[in-house]
Number of protein chains: 2
Amino acid sequence: MLLSKTVLPNKTWTLRSFPEKQFCATENAELLEEDLDLKNVDDDKIIVEVHAVSIDAFIRTMLDSNANPAHGGVGLNCPIPALGYGKVIRGNDKFKEGAMVTGLMQAAKYSVSGGEGMQKLVSLPRAPSSVFLHQMGISGIAAYIGMFVSPRKYPRKGETVVISAAAGAVGCIAAQMAKLCGARVVGIAGGEKKKEFLLKELKLDGAVDYKSTTKTVAEQLDEQCPDGIDFFFDNVGGSTLDCVLQRINLHARISICGAISQYDSGKINNKQSIVGPAHYIKVAETSSTISGFNMMHYQSHFLKAIGYLSWHYYRGNIVCPEHVEKGINSFAKSLEMLFAGGHCGRLIVDISGDIE
Amino acid sequence: MLLSKTVLPNKTWTLRSFPEKQFCATENAELLEEDLDLKNVDDDKIIVEVHAVSIDAFIRTMLDSNANPAHGGVGLNCPIPALGYGKVIRGNDKFKEGAMVTGLMQAAKYSVSGGEGMQKLVSLPRAPSSVFLHQMGISGIAAYIGMFVSPRKYPRKGETVVISAAAGAVGCIAAQMAKLCGARVVGIAGGEKKKEFLLKELKLDGAVDYKSTTKTVAEQLDEQCPDGIDFFFDNVGGSTLDCVLQRINLHARISICGAISQYDSGKINNKQSIVGPAHYIKVAETSSTISGFNMMHYQSHFLKAIGYLSWHYYRGNIVCPEHVEKGINSFAKSLEMLFAGGHCGRLIVDISGDIE
């Protein structure tokens, strides 16, 4: 028994109100401080001491009152979920005490659940656990499926690939995969700092700053992609997608990973108000394809993905910087930050304080 | 020499003004009656006595002042092109006098060109030449490519297929192909007459009348597709596409053949104003694909397509009714009619009077 006490002082982020548009940490979320009394926890539940959680765009899509069932939905005053890892401090039939687990848990110090959606955290030599929240976890697998599995054909040497939100966790991994395919890769991100990150850290062939005040995205794409665009990995949607569609080549592939421009506008679960790609007819004119994916439909590819990702992780070919916020208290502000987009790479909240 | 005269009384439809929105026969087109003096026709040109032309939606996209290069563009006072067939009455190195040819010609009694985009009309036993303008020509090949080549996977037994503009030339052939795949097929068309055509002539499993005053397309789709939609062959775009996207199943395929709802609005060449599919995010949620095609990018498949189409033509498995208008004078009104949509099947203008 790892627990000497029967009452644990817990902190859990709960949904106070459904965000109308932008998620506002102080208005929509509340940090509930409540003792977790083990006597009141059913025997078939496990308690996980959460070590770290990642901040994912999909969390936002679960917070609407009319959340799409595909995304799940969080009820008012219920715990906000997040992907993370931690140690089982009270087990059940499936998970032993002391085991490290990863999966969907609560944004809390102690997460209580039946263990659904969790699995043992496999440790790899010389790899900190936190990489399983990005390049060897959901971000890396999403990039792999959106780059190699879901589209008709992956990027080839000589082709031009564009990645939106290329400084983000999935985008930066997708961009490096495209480079490994031998393609010319142009990333889109906001601000000079991120542009520098794309060019210097990720060594991409070009970068487009969508926040630039001197040039439009269209002008920059024309400069950076003089031969048109063959492959687009899209995390953003909206006008960025339309800008790219106007420049696609014959047999182009558009891989839809997300549409973060729409998530925080209250539109993603009310699709009538989403701005559809007006230039979708370009896919007919160029015999191109728009393919989307929900990674949970491609679970049979996870192992291959992990194999590919760990190969390149150890060789240093694919990196994903971590932007770490400290302590459970910073969770809601971090979710707000994801949409403001000030960070590079993977946004992680270190709850137990063991990420260096 | 087929020609005993050196001057032929010709009639040619020319573009008088660019249609702003809807094409208006009396305003935008003019029937030029002018003698064709053979002395003035260069030796390398051929003259085709046009027997029949078909009325295609793509003609409309060539009539805008800002026509997309992919569609070509017609200058003011220039002849309006149309797909057709006829007899070469003066040949050149490539085409002999007396040969039957088919391809893009002028909407005229006599079409003068270098023979580019034309080919010999292959005659098949017990098949009238006009079938090469629909089920064994452009309509059949477009349906074949949009059903079998361009999408990730063609329709399977047990799947639900929806076809828009299902009473149109391409739509009715695509619908019959889907039936031959063993799928449940639901067609969308406007008006009671067409609905009856879909159910009785094409023997589809369901029909949706988009002009119904009692039920919306959404309501009818819910009734006709209780298990969702696996494959959508879209000729229409706009709100119909969005209605279908809301109902797609896992790994659905959307094949974009056209967007006729946008063609006659002046939008197709000014894409900023096209209504994009707001529900495109559904393709990510369901791991689905939107693929478009321009049949000219798939010429290597034409022979296979013709093989498939003629096999089913002789067995009576794929039919395409002809709606025949008589005489060159009726061409412009027929183009207007295409968008008003009163006919079933292929709209053909019989110029020489040899279609029964």
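Below, chain A is the first sequence line, B the second, and so on; all start at residue 1.
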- line: So, the part of A:Leu250 with a heavy atom under 4.5 Å from chain B: the answer is side chain

- request: Side chain from CB out, backbone as N, CA, C, O: work out which of these in A:Thr286 comes under 4.5 Å of a heavy atom of chain B, or both, or neither.
  value: backbone

field: Minimum heavy-atom distance B:Tyr280-A:Pro277, with the two atoms named
entry: CD2-CD, 3.5 Å

- prompt: Nearest heavy-atom pair of B:His297 and A:Glu285: which atoms, and what distance?
  reply: CE1-O, 3.0 Å

- prompt: Which bit of B:Leu241 is near chain A, if near means a heavy-atom gap under 4.5 Å: side chain, backbone, both or neither?
  reply: side chain

- prompt: NZ of B:Lys211: more than 12 outside heavy atoms within 6.0 angstrom?
  reply: yes

field: Between NZ on residue B:Lys282 and CG on residue A:Asn294, distance to nearest 0.5 Å
entry: 11.0 Å

Euclidean distance, B:Ile256 CD1 relative to A:Ile281 CD1, rounded to 0.5 Å: 6.5 Å

query: Is there any residue in residues 143-157 of chain B with a non-hydrogen atom under 4.5 Å from a non-hydrogen atom of chain A, and which ones are they?
result: B:Ser150, B:Arg152

query: Do you know which of B:Ser288, B:Gly237, B:Ser287, B:Ser291 has the most heavy-atom pairs with chain A at a distance under 4.5 angstrom?
result: B:Ser287

- prompt: Would a line drawn from the ring center of B:Tyr298 to the ring center of A:His251 be shorter than 6.0 Å?
  reply: yes

